[in-house]
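Here's the structure, in structure tokens; my notes come after.
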Amino acid sequence: SAQNRLGVCYYKGNGVEQDYVEAVKWQRKSAEQGNDWGQYNLANCYYDGKGIEQDYSEAVKWFRKSAEQGNSSAQNRLGVCYYKGNGVEQNYEEAIKWFRKSAERGNDWGQYNLANCYYNGKGVSQDYVEAVKWYRKSAEQGNSSAQNRLGVCYYKGNGVEQDYVEAVKWQRKSAEQGNDWGQYNLANCYFDGKGVEQDDEEGEKWMRKSAEQGNEDALAFLEEHGMV
């Protein structure tokens with residue numbers, strides 16, 4: 001709707017001065033008319049406390065309205081609320097239900113979160129093969145977090161045959177998109193010569209990139225090896 005789009009403009013400061021309160025006003029008008037994106041964006045404002053006091057319960061209410069209309073982004077976020085217990089009682093089974101709806105609609109974050117549930121055995125029996133399936137779907141859409149996790153699966157041989165070259169391929173995709181864990185894991189592959197020719201210089205380069213983003217493991221590595 002035009003109201004939702006206007007709200008987005010105020011939220012992002014596109015063509016108007018950024019104003020979260022104005023954004024919320026227009027998102028609410030859109031949401032109350034039943035627009036799924038208006039509902040989703042209003043929910044995010046409540047979740048993040050942007051332009052309005054943070055209120056997880058209200059966020060859940062609007063995520064749910066949007067999700068029930070089939071909005072895959074809202075389905076994923078509603079899943080996150082159930083997973084974390086934000087605004088609703090923590091319930092991994094319910095989280096999985098919404099992640100799956102989102103994932104099956106092709107949402108890369110829904111796919112990533114569903115994969116994590118399978119990998120960690122949260123709300124579902126642990127299943128690395130199923131985790132790899134959903135990480136791959138998300139990674140192929142360019143999700144840098146999923147690319148990193150798929151790389152980890154190849155590195156460890158979880159749910160897929162161990163393959164360091166394939167691990168490096170996915171860690172690199174993740175790292176080049178600026179993902180700090182992708183950078184950290186790619187750095188380690190260079191330091192250890194796993195799936196790539198051993199190269200301390202490249203290793204240090206990627207470790208620094210990760211550390212610059214505040215990755216604590218990368219910072220600890222640099223300190224431990226006197227690279228700070």
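Side chains are part of it too, since the values below use all heavy atoms of this structure and drop only hydrogens, waters and symmetry mates. Keep in mind that what you see is a predicted model, and the values were worked out from it rather than measured.
The side-chain hydrogen bond (donor to acceptor under 3.5 Å, both in side chains) test with N71 is passed by exactly one of N76, N107, D36: D36. Among Y10, W26, Y11, the one residue that satisfies the ring-ring contact (aromatic ring centres under 6.0 Å, His included) test with Y20 is Y11.
The heavy-atom pair separating N179 from S144 by the smallest distance is ND2-OG, 3.3 Å. Minimum interatomic distance between A139 and L150 (heavy atoms only, all atoms of both residues): CB-CD2, 4.1 Å. Closest of all the heavy-atom pairs between C81 and F63 is SG-CD1, 4.0 Å. Listed here is the closest heavy atom pair of G38 and S30: CA-OG, 3.5 Å. Of all heavy-atom pairs between V165 and D163, the closest is N-OD1, 3.1 Å. The two residues K194 and V168 make their nearest non-hydrogen contact at O-CG2, 3.3 Å.
The hydrophobic clustering, which links ILVMFWY residues whose side-chain heavy atoms are closer than 4.5 Å, places I96 and V80 together. Linking ILVMFWY side-chain heavy atoms closer than 4.5 Å, directly or via other members, places M207 and L219 in two distinct hydrophobic clusters.
The distance from atom NZ of K209 to atom CD of E212, rounded to the nearest 0.5 Å, is 7.0 Å. The line from CZ of F191 to CG of D200 is 6.0 Å long, rounded to the nearest 0.5 Å. Within the model, atoms CZ of R28 and OH of Y46 stand 3.5 Å from one another, a figure rounded to the nearest 0.5 Å. A distance of 12.0 Å separates CG in N113 from NZ in K122, rounded to the nearest 0.5 Å. Taking OG of S102 as the reference point, atom CZ of R77 lies at 11.0 Å (rounded to 0.5 Å). To the nearest 0.5 Å, the span separating CH2 on W109 from CZ on F99 amounts to 11.0 Å.
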Quiz: residues 221-228 side-chain donor-acceptor pairs under 3.5 angstrom, not counting sequence neighbours:
{"residue": "H225", "atom": "ND1", "partner": "F221", "partner atom": "O", "Å": "2.9"}

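Within 6.0 Å of CD on E216 lie no more than 12 heavy atoms contributed by other residues, nucleotides or ligands.
With salt bridges taken as basic N to acidic carboxylate O contacts below 4.0 Å, one links K169 and E166. Using a 4.0 Å cut-off between charged side-chain N and carboxylate O, E204 and R208 make a salt bridge.
Listed for the Q213 side chain is a donor-acceptor partner under 3.5 Å among the backbone atoms of G178.
Of the N and O atoms on the side chains of N116 and Y135, at least one donor lies less than 3.5 Å from an acceptor on the other residue.
Residues forming a side-chain hydrogen bond (donor to acceptor under 3.5 Å, both in side chains) with K101 (at least two apart in sequence, or on another chain): none. Q39 is linked by a side-chain hydrogen bond (donor to acceptor under 3.5 Å, both in side chains) to Q69, counting only residues two or more places apart in sequence or in another chain. For Q90, the side chain to side chain contact (heavy atoms under 4.5 Å, CB included) test picks out Y92, with sequence neighbours left out. A search for side-chain hydrogen bond (donor to acceptor under 3.5 Å, both in side chains) contacts involving Q177 returns Q147, not counting sequence neighbours. In this structure Y47 satisfies the side-chain hydrogen bond (donor to acceptor under 3.5 Å, both in side chains) test together with N86, sequence neighbours excluded.
Taking the six-membered ring for Trp and the full ring otherwise, Y119 and Y128 have centroids separated by under 6.0 Å.
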